[in-house]
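Structure, as structure tokens:
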Amino acid sequence: MATSAFAAQCGNDASGFAGWKQAFAAEAAANGVGQRGLQALANASYSTSTISADRNQRGVRYALDDFIRIRLGSLDSFAGQARRVKAQNASFYASLEQIYGVPSGILLAIHGMETGFGRNLGNTPVVDSITTIAYDCRRSAFFTPHAIAALKLVDQGGLAPGQRGAAHGEMGHTQFLPGNALTYGVDADRNGQVDLYSVSDALASTANFLRQKGWQPGQPYQEGTQNFRVLNEWNAATVYQKAIALSAVRIDG
């Protein structure tokens, strides 16, 4: 992102959000955001639900067995769901593994763990959440590039201004942050735009992300391997990484 002379002042409550948006609009324009993105920024509302979620994060502190029970039910039941999803379009998953070298079990495990295979894509407007968390002083530096990226996605047609996602701006079937969507997004259905709310684009983008982060095709992915370490790029919680790897074995087994 280009260095900007426009200082959008962060804040810790809603009172400064309108002023921040005006300053941030200049910063966004300087970084290539066009009229559609700037209009989405102008219409953005301060998301109290995002701030509440951010202030109440507890992290992933469960033991592995508890995490699996709470998030998945059981490895076998979760893998059974994933295999049924895979069977609906087996050739698509095979094509992703051929192109990117990432097994379908890994992609399905991520899809299932992130959104229940698309059943829960989030309830917070992405532009509202990502601009709110970029404005908020706690992690403004981390989220500001993602806010710029979200506005660029609006420009490109890959994100509707009112499209909903998770509390911190995560988007689509596998919950990409906007900056990652912009960088690693793939137009798998070849309709002219990357749409993370399309299953094909989302899973191809996830495979591309993992490959670009160092996934080694044809190599194992259990704990202690290079591919397991790549899962840290997706989610930093070791218990999450272990659940993905253990689920994937059962899905592809």
Side-chain angles (χ1 to χ4, degrees), residues 60 62 64-65 67-121 166 170-177 179-190 194-253:
V60 180
Y62 299 112
L64 178 61
D65 288 347
F67 179 82
I68 289 170
R69 175 177 50 81
I70 292 166
R71 287 290 294 268
L72 308 182
S74 74
L75 288 174
D76 288 338
S77 64
F78 178 72
Q81 293 179 63
R83 284 195 298 269
R84 289 191 289 274
V85 172
K86 180 180 179 179
Q88 294 169 7
N89 197 355
S91 61
F92 168 67
Y93 294 99
S95 73
L96 292 182
E97 184 161 3
Q98 182 177 19
I99 295 168
Y100 300 103
V102 180
S104 55
I106 293 289
L107 301 176
L108 284 156
I110 289 172
H111 191 195
M113 289 175 65
E114 293 288 356
T115 64
F117 306 103
R119 290 191 299 272
N120 181 16
L121 300 180
E170 303 96 334
M171 305 165 47
H173 281 269
T174 55
Q175 302 286 273
F176 269 81
L177 281 170
N180 290 337
L182 196 65
T183 301
Y184 301 103
V186 174
D187 178 18
D189 56 18
R190 299 181 182 179
V194 175
D195 177 9
L196 279 297
Y197 293 85
S198 152
V199 172
S200 58
D201 285 10
L203 293 185
S205 299
T206 304
N208 184 48
F209 175 94
L210 293 172
R211 182 63 184 273
Q212 295 298 328
K213 292 294 186 179
W215 189 274
Q216 298 177 346
Q219 297 301 305
Y221 51 75
Q222 293 303 318
E223 190 173 7
T225 66
Q226 166 62 23
N227 283 340
F228 185 86
R229 287 188 286 274
V230 172
L231 295 176
N232 184 69
E233 299 288 342
W234 186 266
N235 189 300
T238 302
V239 69
Y240 190 104
Q241 298 158 22
K242 289 179 178 179
I244 290 175
L246 291 171
S247 299
V249 170
R250 286 164 172 79
I251 295 166
D252 285 335

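Just the heavy atoms: all of them, side chains too, but no hydrogens, waters or symmetry mates, feed the values below.
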Candidate list Phe176, Phe117, Trp234, Tyr93, test ring-ring contact (aromatic ring centres under 6.0 Å, His included), partner His111, passing option:
Phe117

Taking Arg119 for the side chain and Thr115 for the main chain, is one N or O donor matched with an acceptor at less than 3.5 Å?
no

Looking only at heavy atoms, the pair that brings Tyr221 and Val249 closest together is OH-N, 3.3 Å

Do His173 and Glu114 make a side-chain contact, defined as non-hydrogen atoms from C-beta onward lying under 4.5 Å apart?
no

Distance check, rounded to the nearest 0.5 Å: Ile99 atom CD1 versus Arg211 atom CZ?
11.0 Å

Got a second to check how far Asn89's CG is from Ser104's OG, nearest 0.5 Å?
11.0 Å

From Leu210 atom CG to Tyr100 atom OH, the distance as rounded to the nearest 0.5 Å:
11.5 Å

Would you indicate whether the side-chain heavy atoms of Ile110 and Ile244 approach each other to under 4.5 Å?
yes

So Ser77 and Leu72, do their side chains get closer than 4.5 Å, heavy atoms only?
no

Counting only N and O atoms by type, is there a donor-acceptor contact under 3.5 Å from the side chain of Gln219 to the main-chain atoms of Gln226?
no

Would a 4.5 Å heavy-atom cut-off, applied to side chains only, mark Met113 and Phe78 as touching?
yes

Would you compute the distance between atom CD1 of Ile251 and atom CD of Gln81 and round it to the nearest 0.5 angstrom?
9.5 Å

N-O pairing of Arg83 and Asp252 below 4.0 Å
no

If we ignore hydrogens and angles and just use 3.5 Å, is the side chain of Thr183 paired with the main-chain N or O of Asn180 as donor and acceptor?
no

Inter-residue atom distance Asn227.CG - Gln216.CD, 0.5 Å rounding
5.5 Å

Less than 4.5 Å apart, any side-chain heavy atom of Leu196 and any of Gln175?
no

Is there side-chain contact between Tyr62 and Arg71, with heavy atoms separated by less than 4.5 Å?
no

Test item: Thr206 side-chain N/O and Ala202 main-chain N/O as donor-acceptor pair under 3.5 Å
yes

Is there side-chain contact between Phe209 and Thr174, with at least one heavy-atom pair below 4.5 Å?
no

Any chance you could measure Phe228, atom CZ, to Ile106, atom CD1, to the nearest 0.5 Å?
9.5 Å

Determine whether a donor-acceptor pair (N or O, by modelled atom type, separation under 3.5 Å) exists between the side chain of Arg250 and the backbone of Asp76.
no

Would you kindly say whether Asn232 and Gln241 are connected by a side-chain donor-acceptor distance under 3.5 Å?
yes

Could you tell me whether the side chain of Tyr184 reaches within less than 4.5 Å of the side chain of Lys213, counting heavy atoms only?
yes

Are any side-chain N or O atoms of Asp201 and backbone N or O atoms of Asp195, one a donor and one an acceptor, separated by less than 3.5 Å?
yes

